[in-house]
Amino acid sequence: MNTKNNLCESIRHCAYQHGFDLCHFSRPEISGKDRKALDNWVGSNMHADMAWMAEESRLERRKEPNSMMDDVQTVISLAMRHAPPPYSLEHANNASNKGIIASYAHGVDYHDVMKKRLKALARDLDKLLGEHEQRVYVDTAPVLEHALAASAGLGWQGKHTLTIHRQQGSWMMLGELFTSANIPVDNPSNEHCGSCTACMDVCPTKAIVAPYVVDANLCISYLTIEYKGFIPYELRPLMGNHIYGCDDCQAICPWNNKAKTPDTDLLTPRGENILPELAMLLHLDEQDFRERFRKSPVKRTGRAAFLRNVCIAMGNSGDIEFTPLLLKALYDGEHLIRGHAIWALSVLHRLHHIDGFIEKLIELKKKEENNDVLKEIKAILSPK
Ligand code: SF4
Ligand code: SF4
């Protein structure tokens, strides 16, 4: 083995010791194809409400990784695997009085774990590489992480746009370490989706509008986590019981069939986040919510948006037993929760008839001050 390979292997060894499962190297360059894909995606407004994605300066930084710091020579792409969902897609979808939380969020917040591990790796690199500048990134920075991971040979971007490794599948989170050290790079990954379209076919909202293109406006991950407004009417029934993120396109992917469950430590799933009872969740007040999801990524979404999702799942369940809880939610201080509780009750009312529901709406209409909630009420009292 020559000295160059020794350096890569030493860095990989350190990365594995700090809990990373994959570690690959690339130059800070984004291919013309990936730049064009990003421009088309943003140009078609597929970034939805994530306005920061379309900001000129951030867009340029995404396309020019070497603008992230002075004299960056190498990008180290790192992956940390997490356990796949411990149930089948069918089982989760049929458990309609329970909510589906994406598997990466079953344990503690990976951002915190990843950041700590990246910083520990950075300290080791200071010793290994001598004088060099470096920065670490997890998710929030304008870094095209899947494109960089593919050019570093960590895996290819599947038609669902996530990174897939041939042996380890796609249940993993990515982070990056940019350094001014010139480290030998890996060969880019080849693409192995072939003629498969399973992820496109299974997507409940048909958000994968073309191979390798996900329209965030339609994606349940975006809608349940990032989006903080009223969910479009036509998408609510399609969301089923997804209350935080969505695993469907990964769960169906054949490359995940053989992926072994990793020996995770910090990311170990917590039982209470695996198909939690919807009824328990709608009981959470602000303080309960903060305590219940204290170290979980779910806390980032906030109580209002999370319970909005819970209300939609309750409506989609068709379960009349949720009526008393939803009626109580009509008086919640958060308009997002009141509005979606109205919608959920209207679904249950259509199926079972809820005594006094229309009268209740007429009474609420007189007092409600929020225009979006009023719109929900009017949509039921005076449908077009
Ligand atoms: S995360 Fe869910 S909604 Fe989004 S593309 Fe995948 S299957 Fe579709
Ligand atoms: S489900 Fe099929 S098309 Fe989609 S990412 Fe996996 S291999 Fe590719």
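Order of listing sets the numbers, starting from 1, for every ligand and every atom in it. Just so it is clear, the values below take in all heavy atoms, side chains as well, and ignore hydrogens, waters and symmetry mates.
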SB check R35 E64 (cutoff 4.0 Å):
yes

Counting heavy atoms under 4.0 Å, the part of I164 that contacts ligand 2 is side chain

Restricting to under 2.8 Å, identify the protein N, O or S atoms around atom 4 (Fe) of ligand 2 as residue plus atom.
C199 SG

Can you list the ligand 1 atoms lying under 4.0 Å from a non-hydrogen atom of T205?
3 (S)

Check ligand 1 against I220 and write out every atom of the ligand that is under 4.0 Å from a heavy-atom position of the residue.
3 (S), 4 (Fe)

Contact atoms of ligand 1, heavy-atom distance to D248 under 4.0 Å:
7 (S)

Name the one of H340, R338, R303 that satisfies side chain to side chain donor-acceptor pair (under 3.5 Å) with D332?
R303

For R236, give me all partners under salt bridge (charged side-chain N to carboxylate O under 4.0 Å, His left out), at least two apart in sequence or on another chain.
E376

May I ask you to decide whether K63 forms a salt bridge with D34, counting only side-chain N to carboxylate O separations under 4.0 Å?
no

Salt-bridge contact K228-D49 (side-chain N to carboxylate O under 4.0 Å):
no

Interfacing atoms of ligand 2 (cut-off 4.0 Å, heavy-atom, W255):
7 (S)

At a 4.0 Å threshold, what atoms of ligand 1 neighbour a non-hydrogen atom of C203?
3 (S), 5 (S), 7 (S), 8 (Fe)

Salt bridge (charged side-chain N to carboxylate O under 4.0 Å, His left out) against E29, all qualifying residues, sequence neighbours excluded
none

Taking only heavy atoms of S221, which atoms of ligand 1 are found under 4.0 Å from at least one of them?
1 (S)

Interatomic distance, L345 atom CG to F322 atom CZ [nearest 0.5 angstrom]
12.0 Å

Residue set satisfying side chain to side chain contact (heavy atoms under 4.5 Å, CB included) with T161, at least two apart, ordered chain then number -> Q157, V214

Ring centres under 6.0 angstrom apart (W255, W156)
yes

